[in-house]
Protein chains: 2
Amino acid sequence: MSLRHGLLGLLAEGPASGYDLTRRFEEGLNTVWPAQHPQIYSELSKLAKAGLIEVDSHGPRRRIAYRITDEGLAEVRRWLAEVEVDHSFRMDTLLRSYFFWLMEPEDLKRRLGEELAYFERFAGALREHAGSKDRGEWGTSARTRAQRVGIEAAIRVNEALAGWARWALEADLMSDENFGNAADRDASAVGTQGEAPAGQ
Amino acid sequence: MSLRHGLLGLLAEGPASGYDLTRRFEEGLNTVWPAQHPQIYSELSKLAKAGLIEVDSHGPRRRIAYRITDEGLAEVRRWLAEVEVDHSFRMDTLLRSYFFWLMEPEDLKRRLGEELAYFERFAGALREHAGSKDRGEWGTSARTRAQRVGIEAAIRVNEALAGWARWALEADLMSDENFGNAADRDASAVGTQGEAPAGQ
DNA sequence: CAACGACATGTACGTATCTACATGTCATCC
DNA sequence: GGATGACATGTAGATACGTACATGTCGTTG
């Protein structure tokens, strides 16, 4: 549902084709809202039919650039100002963390190490990108500076997750020595199907 | 695709019904992986057909409890240890932040204030929940402690976002006085459709 | 014993999303 | 002038997901 508004938001910057928009998503928006080209093209058709965007120009190689209409601009602004934010999100990494107790300690350490490396690397790349904006390499328009705020959010989330992975690794919470005991392990349901309690 | 494994992971703790699992999701898992009951029930049917879970017992009120099979346990462990983590995620808040430049300063401040309040409140609730686990109110099994690690991740992400909203508000980045100038504003595409450059 | 509310499971339907496949266009390079 | 690769847009089909609706079961309470 938000892809619709994401596309309108990008088109508010100026006319663009489905191909352009697909690349914009690949270049960064993908990290907070994944979208593939078939979805983008079909959404553009719907937006055009709804009168929120219109064809701006036909270019070489069948290129079709769209432009946002006044109604489209009003709609994206209404969305930003009035529609309630959906705070739910799905994150594979965090879902998996609920099941860490099922993993072998070595597998878990390896996995946490991979996660740490990933989040650090990605946060670093974002920070570098943010630095180039800070140095004014992308101009100093209100748009650029506002987008810098969005990048900051992504940086902070990725750094928080890197910090979490480091904490989990250093605390060594899952190792046998300082984590749980034989009685705990026997009481867990792993491998004792049928006699385990239903419960919580 | 991960709901399947999420359900297997929960069933690894012991037998549970669709109703139980729905409540488990509502009680916290929902924050990292939303799921409604129709999806859960239909996924349980598929898992049973695939032999990864089986009926454990029939209870009062048509209750059907499922139990994980050896193949199911092997599958969830394979997923945890071998399947690559999907680092993409979709977060409405962050998508919107790319379009902050389209908002009126007052609307933006209000919105950032709401976001700050939400993330602080939610992080606080999670921290309290984590505290009760730390105090041993949920036992000290390996499972409980591992789940505590998952909660820590959620806390850190929510705190990071609260910090971001506070930073954005305090920096007052979007206000006219210290943000952009008339030339910048004129150069932006807002309200100047048709003459704006394709951007980026 | 009627009403209510929590427990418990499902169907129907529309939309969103993903993967794979298909096709056409243009410039460049050998 | 043929091959290649980037540009550019789409279709088909399967799965995932969300909302709304429907139904049945049991215990408690007035």
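The figures that follow rest on heavy atoms only: side chains count, while hydrogens, waters and symmetry mates do not.
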Chemist: If you check the Asp20(B) side chain, which of dT17(C), dT9(D), dA8(C) turns out closest?
Modeler: dA8(C)
Chemist: List in numerical order all residues of residues 28-38 of chain A for which some heavy atom is under 4.0 Å away from an atom belonging to DNA chain D.
Modeler: His37(A), Pro38(A)
Chemist: dG10(C), dG10(D), dC7(D): which one has an atom nearest the side-chain heavy atoms of Tyr19(A)?
Modeler: dC7(D)
Chemist: For this output row, return yes or no: ring centroids of His129(A) and Trp138(A) closer than 6.0 angstrom.
Modeler: yes
Chemist: Could you please name the option among dA16(D), dA16(C), dG10(C) that lies closest to any side-chain atom of Tyr41(B)?
Modeler: dG10(C)
Chemist: Report yes if a side-chain nitrogen or oxygen of Gln39(A) is closer than 4.0 Å to either non-bridging phosphate oxygen (OP1 or OP2) of dA16(C); otherwise report no.
Modeler: no
Chemist: Do the charged groups of Arg111(B) and Glu115(B) touch, with an N to O distance under 4.0 Å?
Modeler: no
Chemist: Taking only the side-chain heavy atoms of Ile64(B) (C-beta and beyond), determine which of dT9(C), dC17(D), dA16(C) contains the nearest atom.
Modeler: dT9(C)
Chemist: Just compare dT9(C), dC26(C), dA6(C) and give me whichever is closest to any side-chain atom of Arg61(A).
Modeler: dC26(C)
Chemist: Answer yes when Asp92(B) and Arg96(B) have at least one side-chain N-carboxylate O distance shorter than 4.0 Å, and no when they do not.
Modeler: yes
Chemist: Check whether any side-chain N or O of Arg62(A) sits under 4.0 Å from OP1 or OP2 of dT25(C), and answer yes or no.
Modeler: no
Chemist: Aromatic contact between Phe119(B) and His87(A), with the criterion being ring centroids under 6.0 Å apart: yes or no?
Modeler: yes
